[in-house]
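In this text the structure is predicted, and so the values were computed from the model without any measurement. Chain letters run A, B, ... following the sequence lines, proteins first, then strands; residues in each count from 1.
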Amino acid sequence: MGVKLLLDKAHVEGIRYYDVYRREGGYRSVEKALKMSPADIVEEVKKSGLRGRGGAGFPAGMKWSFIAKPEGVPRHLVCNADESEPGTFKDRYLMEFLPHLLIEGLIVASFALGSNATYIYIRGEYAWIPDILEQAINEAKANGWLGKNIQGSGFDCEIYVQRGAGAYICGEETALIESLEGKRGNPRIKPPFPAVKGVWDRPTVVNNVETLAAVVPVINMGGEEYSKIGVGKSTGTKLISACGNINKPGVYEIDMTISVEEFVYSDEYCGGIPNGKRLKACIPGGSSVPILPANLLFKTAKGEQRMMNYESLSDGGFATGSMMGSGGFIVLDEDQCVVKHTLTLARFYRHESCGQCSPCREGTGWMEKILKNIETGKGKMSDIDLLWDIQRKIEGNTICPLGDAAAWPVAAAIRHFRDEFEWHVNNPELCLTQNYGLAHYADAREVVVS
Amino acid sequence: MAQFTEERLAKVKEIIARYPDGKQKSALLPVLHLAQEQFGWLSSETMDYVAGLLQIEPIEVYEVATFYSMYNTKPVGKYMFEVCQTGPCMVRGSEDIIEYIKQKLGIKVGETTSDGLFTLKTVECLGACGYAPMMQLGKHYREHLTKEKVDAIIDECRRNAAANN
Ligand SMILES: Cc1cc2nc3c(=O)[nH]c(=O)nc-3n(C[C@H](O)[C@H](O)[C@H](O)COP(=O)(O)O)c2cc1C
Ligand code: SF4
Ligand code: FES
């Protein structure tokens with residue numbers, strides 16, 4: 001069993017409610033933090049090496065230290081609970097089952113950043129979760145952890161929950177800020193960065209749900225101790241939401257020292273592939289990160305065992321590696337069609353493009369159309385190159401990273417599964433009734449686990 | 001005339017108080033949710049009413065209502081089946097579920113049954129990939145869908161509709 005810092009109490013009966021949560025040691029980090037100076041808290045978070053869990057992996061302490069502090073201007077903390085990246089459902093788990101853990105982390109972070117009004121921006125479809133969060137907020141308030149003069153510290157803090165209304169792009173931090181201001185979710189051109197001009201032009205920090213929950217163990221243990229868990233720059237624990245063709249889909253906390261192979265096959269985690277099938281491919285960090293064929297998933301190109309941490313997952317760059325991303329782990333077995341799966345992702349990004357930049361708006365539409373043609377046996381060989389060309393023209397040429405997020409999955413699918421695309425073109429009839437199968441990407445272990 | 005209930009008006013006031021003075025436009029998304037809850041969809045009359053409540057221009061409301069996928073700017077059935085069709089759900093059989101609902105209700109994606117009870121929509125990843133296939137029905141998710149479960153959900157909706165009439 002690996003170390004658990006976030007989900008260790010997830011199965012305690014009634015942990016969703018204040019009394020049980022408090023009895024289990026909840027809100028100790030707030031007690032501790034309120035005796036520290038905000039600068040010291042930021043220092044602890046820096047020492048912990050905690051990296052943003054929303055996808056980009058930017059060090060949280062560093063981000064906090066960038067927040068501008070102009071005289072007399074209020075600052076805000078905004079919790080990003082938009083969670084819309086296909087394959088990702090870990091923040092939902094935290095909020096549904098451990099709402100007080102998030103509220104506790106938010107209070108500490110709000111104190112460290114000087115945010116008297118903190119907002120949780122949650123995707124609109126999670127329509128039942130605001131009630132859970134508001135219940136936790138009310139309980140925290142009734143017990144003196146929120147509101148005016150928290151625990152006699154002189155610090156005032158309110159937390160508000162705001163629902164989005166169905167737009168993946170609002171997970172991008174500047175689009176989220178626009179949305180919070182009551183506008184369309186069009187990302188802003190940076191700079192200025194939110195740390196200088198965020199919501200209502202005030203200095204703002206946007207952090208992911210899991211990042212903010214992880215602040216609790218960081219403060220409880222001290223940054224130094226936290227940094228000893230994990231390996232290298234992958235400190236602490238990470239939540240992985242696993243889905244697709246596995247026996248045990250769900251949310252798992254890992255301490256970043258286990259291998260990808262163990263994660264897939266161990267009964268403690270995914271429990272292997274159902275029906276004795278072999279693993280074909282995996283998207284290890286949410287739909288935006290490169291897909292890897294099985295032979296590159298368990299071992300890096302150098303032949304080293306691939307581990308479930310930031311560095312190892314990205315070992316080999318985009319040529320032979322992928323990314324930790326948001327921790328949305330999508331497994332495809334030998335019966336899945338990579339072209340078709342990529343098509344659903346292309347459709348997703350076309351649907352979610354905000355339409356501000358033409359490479360993204362037009363490019364995502366073209367990619368979907370071409371993929372649809374190839375998938376249904378109407379594609380030409382030159383379409384594969386055209387697809388490659390389009391994704392390259394999107395990447396790096398847009399206001400926000402959604403363009404890249406749309407381009408990368410297509411690029412990686414062609415890079416690693418080009419023969420499957422070609423097979424579709426060469427077998428326009430057959431591809432309608434049959435799948436290409438495994439070919440040479442077979443599970444590197446060559447073991448059939450049932 | 002679109003008009004919020006007293007209770008909703010109080011809620012609007014409470015929401016506006018969350019933001020700095022003069023930033024009441026920030027309440028737009030939450031207030032549109034309230035409006036949709038009460039009226040089922042957002043007509044231009046409803047949107048104008050919301051603009052008035054928040055003291056913003058009607059166009060600011062239209063812009064937002066048309067941007068976000070959860071706002072219905074046309075009437076929809078009493079029960080909307082929003083079935084996820086993105087990759088992770090597809091590999092767990094969402095296509096079969098969508099096909100089955102189409103057959104069972106005799107409608108295509110995007111249509112409403114003639115009795116006005118059901119609308120079928122496909123949506124993109126709802127953050128339930130590990131519990132696929134799934135759909136959203138009102139405030140909640142229905143997960144691990146099977147044909148039998150779909151049957152039961154349809155029956156449940158019909159019963160509820162009959163009980164409320
Ligand atoms: C298109 C797009 C969608 C994103 N969606 C999310 C999201 O749903 N949740 C999230 O925490 N971060 C998301 N991000 C990343 C945020 O912009 C931001 O980096 C993050 O909230 C920072 O939090 P962290 O440093 O704690 O990870 C998204 C980014 C992009 C470009
Ligand atoms: S890259 Fe796409 S989503 Fe991002 S701002 Fe441009 S059009 Fe909008
Ligand atoms: S893909 Fe359907 S809920 Fe994520």
- Message: At a heavy-atom distance under 4.5 Å, which candidate from A:Lys340, A:Glu352, A:His351 has the highest pair count against chain B?
- Response: A:Lys340

- Query: Is it the backbone or the side chain of A:Cys170 that comes under 4.5 Å from a heavy atom of chain B, or both, or neither?
  - Reply: side chain

- Query: Is the count of non-hydrogen atoms from other residues, nucleotides or ligands lying under 6.0 Å from A:Lys148 atom NZ greater than 12?
  - Reply: no

- Do you know the tightest heavy-atom contact between A:Pro249 and B:Gly130? CB-O, 3.2 Å

- Item | B:Asp115 atom CG, over 12 foreign heavy atoms within 6.0 Å | yes

- Note on the structure: Within residues 281-288 of chain A, contacts to chain B at heavy-atom distances under 4.5 Å involve none

- Message: Checking the side chain of A:Thr344 only, and the main-chain atoms of B:Gly87 only, is there a donor and an acceptor separated by less than 3.5 Å?
- Response: yes

- Message: I need the residue from A:Gly87, A:Gly185, A:Cys337 with the largest number of non-hydrogen atom pairs under 4.5 Å to chain B.
- Response: A:Gly185

- Engaged part of A:Gln336 at the chain B interface, taking heavy atoms whose separation is under 4.5 Å: side chain

- Item | Closest-packed option against chain B by number of heavy-atom pairs under 4.5 Å, given A:Arg347, A:His341, A:Glu85, A:Arg202 | A:Arg347

- Item | chain A contact via B:Arg92 - which portion, at a heavy-atom distance below 4.5 Å | side chain

- Task: Please determine which of A:Tyr119, A:Trp200, A:Tyr160 meets the side chain to side chain donor-acceptor pair (under 3.5 Å) test together with B:Ser26.
- Result: A:Trp200

- Spatial distance of atom OG (B:Ser69) from atom CD (A:Glu125) [nearest 0.5 Å]: 5.5 Å

- Contacting region of A:Arg92 [heavy-atom separation from chain B under 4.5 Å]: side chain

- Note on the structure: Max heavy-atom pairs within cutoff under 4.5 Å with chain B, candidates A:Gly164, A:Gly250, A:Pro74, goes to A:Gly164

- Query: For B:Ala132, is it the side chain, the backbone, both, or neither that has a heavy atom closer than 4.5 Å to a heavy atom of chain A?
  - Reply: neither

- Message: Need one label for B:Gln24: side chain, backbone, both or neither, based on atoms under 4.5 Å from any heavy atom in chain A.
- Response: neither

- chain B contact via A:Ser241 - which portion, at a heavy-atom distance below 4.5 Å: neither

- Item | Any donor-acceptor pair under 3.5 Å from B:Arg18 side chain to A:Glu158 backbone | no

- Using non-hydrogen atoms and a 4.5 Å limit, figure out which bit of A:Tyr121 sits close to chain B: side chain, backbone, both or neither. side chain

- In terms of heavy-atom contacts, A:Cys243 and B:Pro88 come closest through SG-CB, 3.9 Å

- Task: Hey, could you give me the CG/CE distance between A:Leu345 and B:Met90, rounded to the nearest 0.5 Å?
- Result: 8.5 Å

- Message: As an exercise, state the distance from OH of B:Tyr68 to CD1 of A:Ile169, rounded to the nearest 0.5 Å.
- Response: 10.5 Å

- Item | Ion pair check, B:Glu63 and A:Lys183, cut-off under 4.0 Å | no

- Task: Return the option, out of A:Ile330, A:Leu180, A:Val251, with the maximum number of heavy-atom pairs under 4.5 Å with chain B.
- Result: A:Leu180

- Message: Test your reading of the model: is there a side-chain donor-acceptor pair from B:His33 to the backbone of A:Gly124, 3.5 Å cut-off?
- Response: no

- Message: Below 4.5 Å, heavy-atom pairs only: which of A:Cys354, A:Gly355, A:Ser179, A:Ala117 has the largest tally toward chain B?
- Response: A:Ser179

- Message: Between B:Gln136 and chain A, with a heavy-atom cut-off of 4.5 Å, which part of the residue counts as in contact: side chain, backbone, both or neither?
- Response: side chain

- Query: Does a donor on one side chain and an acceptor on the other come within less than 3.5 Å for A:Gln162 and B:Tyr19?
  - Reply: yes

- With a 4.5 angstrom heavy-atom cut-off, could you sort out which part of B:Glu95 is near chain A: side chain, backbone, both or neither? side chain

- Note on the structure: Between A:Asn245 and B:Val91, the two heavy atoms sitting closest are ND2-O, 3.8 Å

- Query: Roughly how far apart are A:Tyr126 OH and B:Leu126 CG, rounded to 0.5 Å?
  - Reply: 8.5 Å

- Check ion pair A:Glu178-B:Lys25 (N to O, under 4.0 angstrom): no

- Item | Contact class of A:Asp131 relative to chain B, heavy atoms under 4.5 angstrom | side chain

